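First the structure, in the form of structure tokens, and then the observations on it.
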Amino acid sequence: MLIFHSAVLLLTALLAMPVLWFSAQVFYGCRGSATVQGVTPRNRPTQVAILVPAHNESVHLLPTLHALLAGAQANTRVVVVADNCTDDTAEVARVAGAEVIERNDSSRRGKGYALDFGIQHLASCPPEVVIVMDADCLPEQGALGWLAEMAQCRQKPVQALYLMNNPGRAGLRAKIAQFAWCVKNFVRPRGLHKLGLPCQLTGSGMAFPWHTLQEVSLANGHLVEDMQLGMSLIALGHGPLFMEHAVVSSQFPSQEAGVRSQRTRWEHGHLSMMMSEGFPRLWQALMGRNSTLFWMALDVCVPPLALLVLTLLLWTGVVAAVGVLTAHWWPLALSMGMLCVLGTSVVVAWAKFGRGIVSALELLFAPFYALSKLPVYIGFVLRRQSAWVRSKRDGENN
């Protein structure tokens, strides 16, 4: 019986780690006002290549290219990687004025392979900084210039604030999803920055000094290749900096098929990363006494917020049953305490950054939103998605 009680307490303590780390990031992220990092003025413009991986993106690529080309400073190349395209993406990009390279390799699909192809193309005349932009993202004015100068000045990767917005009148689930994205891509990276730690890469608006990309492998088809790349860079001592006033944005799909595909890819990719990178990196950090790597590996081990809520609710039910059967209530008390901490952190994040996204009444339905994602998590166990699949976007017929 002693062994049983010890195991229950140990499992409760292990579950507390991601809850407490998530909450610490949120509380620090909600402190103070925006911080604007300074850069040292240079005598000449930084040599920049903006790399845009694009797979069948002709419908959405043009607004992105217009924004990139209009905002491009001197010494800037805009390079589109038309990756395994079956539409007119390459022609649209050429007509718009971008430099275009085409890749055709149906056996190796995914954004990582496209980025590797682009870097190989740039190697003949390498820029000082490479900025990666998704083909459906728009940068705010000045964002890419700030990213390039910060990356060159600090000689570290820099991550912009990458936001996702809902098109038109959004339903309840879409609003809660947008708020969850805000917590993941804004509040938590902001908290890590205020704690003096790097941030995770989030996929678009990523700036890299050229030399950092020579030390990592990009050619992979991982579902969340950005998170994997970020952890590799952190392990090498090139932890990305978070630059919240450099903003890039995109839109969630409004079609249910696109939402479901996108959600599955992100969630399954994150859970795969926990096993392939998070837990092994934790052990590597402990053995190497690398505190930065430890905290960032623990960050990867924080599951998606909906899954964290569901897991904690389920475990609370389990330890409540244990309390009834054994009259040992400490695990239940700890689990209830974690629920309070997690709930408080979500409310704090909403009060600071989420009021314009979702109302207080709508936020009360967040547990039901978490329940609606159960099929995604069950699918990870029964039929895990491992191959990269592009999500269907609005305005596309096939």
Side-chain angles (χ1 to χ4, degrees), residues 7-30 176 179-195 197-202 224 227-228 230-231 234-235 239 242 266-286 290-319 330-350 366-367 369-371 373-374 376-377 380-381:
V8 170
L9 280 171
L10 177 61
L11 289 173
T12 305
L14 289 175
L15 182 56
M17 292 180 65
V19 171
L20 294 176
W21 186 226
F22 171 89
S23 300
Q25 292 173 38
V26 169
F27 291 138
Y28 270 89
C30 291
I176 295 176
F179 171 63
W181 183 275
C182 175
V183 173
K184 177 181 177 292
N185 274 23
F186 183 19
V187 183
R188 290 177 59 189
R190 194 172 192 262
L192 289 170
H193 173 73
K194 288 182 176 292
L195 286 164
L197 291 168
C199 68
Q200 303 290 351
L201 294 175
T202 54
V224 283
M227 188 181 290
Q228 184 179 57
M231 286 305 300
I234 290 166
F242 181 56
W266 287 341
E267 304 275 0
H268 286 198
H270 188 165
L271 294 176
S272 296
M273 272 290 296
M274 289 173 61
M275 295 186 293
S276 65
E277 289 282 339
F279 299 134
R281 294 290 190 186
L282 276 175
W283 181 252
Q284 178 186 348
L286 288 171
N290 186 331
S291 60
T292 298
L293 181 60
F294 175 83
W295 292 118
M296 297 311 297
L298 182 58
D299 184 67
V300 170
C301 292
V302 176
L305 181 55
L307 180 57
L308 185 60
V309 170
L310 289 175
T311 303
L312 192 50
L313 288 171
L314 177 62
W315 185 248
T316 301
V318 169
V319 293
W330 278 108
L332 178 60
L334 290 173
S335 188
M336 292 295 291
M338 285 189 289
L339 275 173
C340 290
V341 170
L342 183 60
T344 301
S345 64
V346 170
V347 171
V348 168
W350 170 81
Y369 168 76
L371 282 171
K373 297 178 76 172
L374 263 178
V376 175
Y377 304 129
F380 179 76
V381 177

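These figures come from a predicted structure and were not determined experimentally.
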Inter-residue atom distance [X].[atom1] - [Y].[atom2], 0.5 Å rounding:
{"X": "Trp181", "Y": "Thr202", "atom1": "CH2", "atom2": "OG1", "result": "7.0 Å"}
{"X": "Met338", "Y": "Leu312", "atom1": "CE", "atom2": "CG", "result": "5.0 Å"}
{"X": "Leu15", "Y": "Thr316", "atom1": "CG", "atom2": "OG1", "result": "8.0 Å"}
{"X": "Leu371", "Y": "Leu313", "atom1": "CG", "atom2": "CG", "result": "8.0 Å"}
{"X": "Leu298", "Y": "Phe279", "atom1": "CG", "atom2": "CZ", "result": "9.5 Å"}
{"X": "Leu332", "Y": "Thr12", "atom1": "CG", "atom2": "OG1", "result": "9.5 Å"}

Open item on the list: Working note: Glu267 + His270, criterion side chain to side chain contact (heavy atoms under 4.5 Å, CB included); need CA distance, chi angles, decisive distance, verdict.
Closed with: CA-CA 5 Å; Glu267 304 275 0; His270 188 165; 5.7 Å; no
- [ ] Can you tell me which residue pairs pass the salt bridge (charged side-chain N to carboxylate O under 4.0 Å, His left out) test with a partner in residues 14-23, sequence neighbours excluded?
- [x]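 The answer is none; no pair qualifies.
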Quick one: closest heavy-atom pair of [X] and [Y], and the distance?
{"X": "Trp295", "Y": "Trp21", "result": "O-NE1, 3.3 Å"}
{"X": "Arg281", "Y": "Gln284", "result": "NH1-OE1, 2.9 Å"}
{"X": "Ile176", "Y": "Tyr369", "result": "CG2-CD2, 3.5 Å"}
{"X": "Phe380", "Y": "Ser272", "result": "CE1-OG, 3.5 Å"}
{"X": "Val319", "Y": "Ser335", "result": "CG2-CB, 3.9 Å"}
{"X": "Pro18", "Y": "Leu14", "result": "CD-O, 3.1 Å"}

May I ask you to test the [X]-[Y] pair for a side-chain heavy-atom distance under 4.5 Å?
{"X": "Cys30", "Y": "Val187", "value": "yes"}
{"X": "Leu271", "Y": "Pro304", "value": "yes"}
{"X": "Tyr377", "Y": "Val381", "value": "no"}

Task: Single hit among Gln25, His193, Gln200 for side chain to side chain donor-acceptor pair (under 3.5 Å) with Arg188 - done: Gln25
Task: Residue Phe294 excluded, over 12 heavy atoms near CZ under 6.0 Å - done: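 Buried by this count: over 12 neighbours within 6.0 Å.
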- [ ] Answer yes or no: are there more than 12 heavy-atom neighbours, outside Met336 itself, under 6.0 Å from its atom CE?
- [x] no
- [ ] Quickly, which of Asp299, Leu293, Leu197 forms a side-chain contact (heavy atoms from CB on, under 4.5 Å) with Ile234? Name it, please.
- [x] Leu293
- [ ] List the steps and the verdict of side chain to side chain contact (heavy atoms under 4.5 Å, CB included) for Leu192 and Met296.
- [x] CA-CA 9 Å; Leu192 289 170; Met296 297 311 297; 3.9 Å; yes
Task: Donor-acceptor contact below 3.5 Å, side chain Ser345 vs main chain Leu342 - done: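 Here the side-chain-to-backbone pair exists.
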TODO: Please work out whether the ring planes of Phe242 and Phe186 are parallel, tilted or perpendicular, with thresholds of 30° and 60°.
DONE: tilted
TODO: Please test Val376 against His268 for side chain to side chain contact (heavy atoms under 4.5 Å, CB included), starting from the C-alpha separation and ending with a verdict.
DONE: CA-CA 8 Å; Val376 175; His268 286 198; 3.9 Å; yes
Task: Check against side chain to side chain contact (heavy atoms under 4.5 Å, CB included), Thr344 and Phe27 - done: CA-CA 9 Å; Thr344 301; Phe27 291 138; 4.2 Å; yes
Open item on the list: Applying side chain to side chain contact (heavy atoms under 4.5 Å, CB included), can you list everything that pairs with Lys184, at least two apart in sequence or on another chain?
Closed with: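 Lys184: no side chain to side chain contact (heavy atoms under 4.5 Å, CB included) contacts found.
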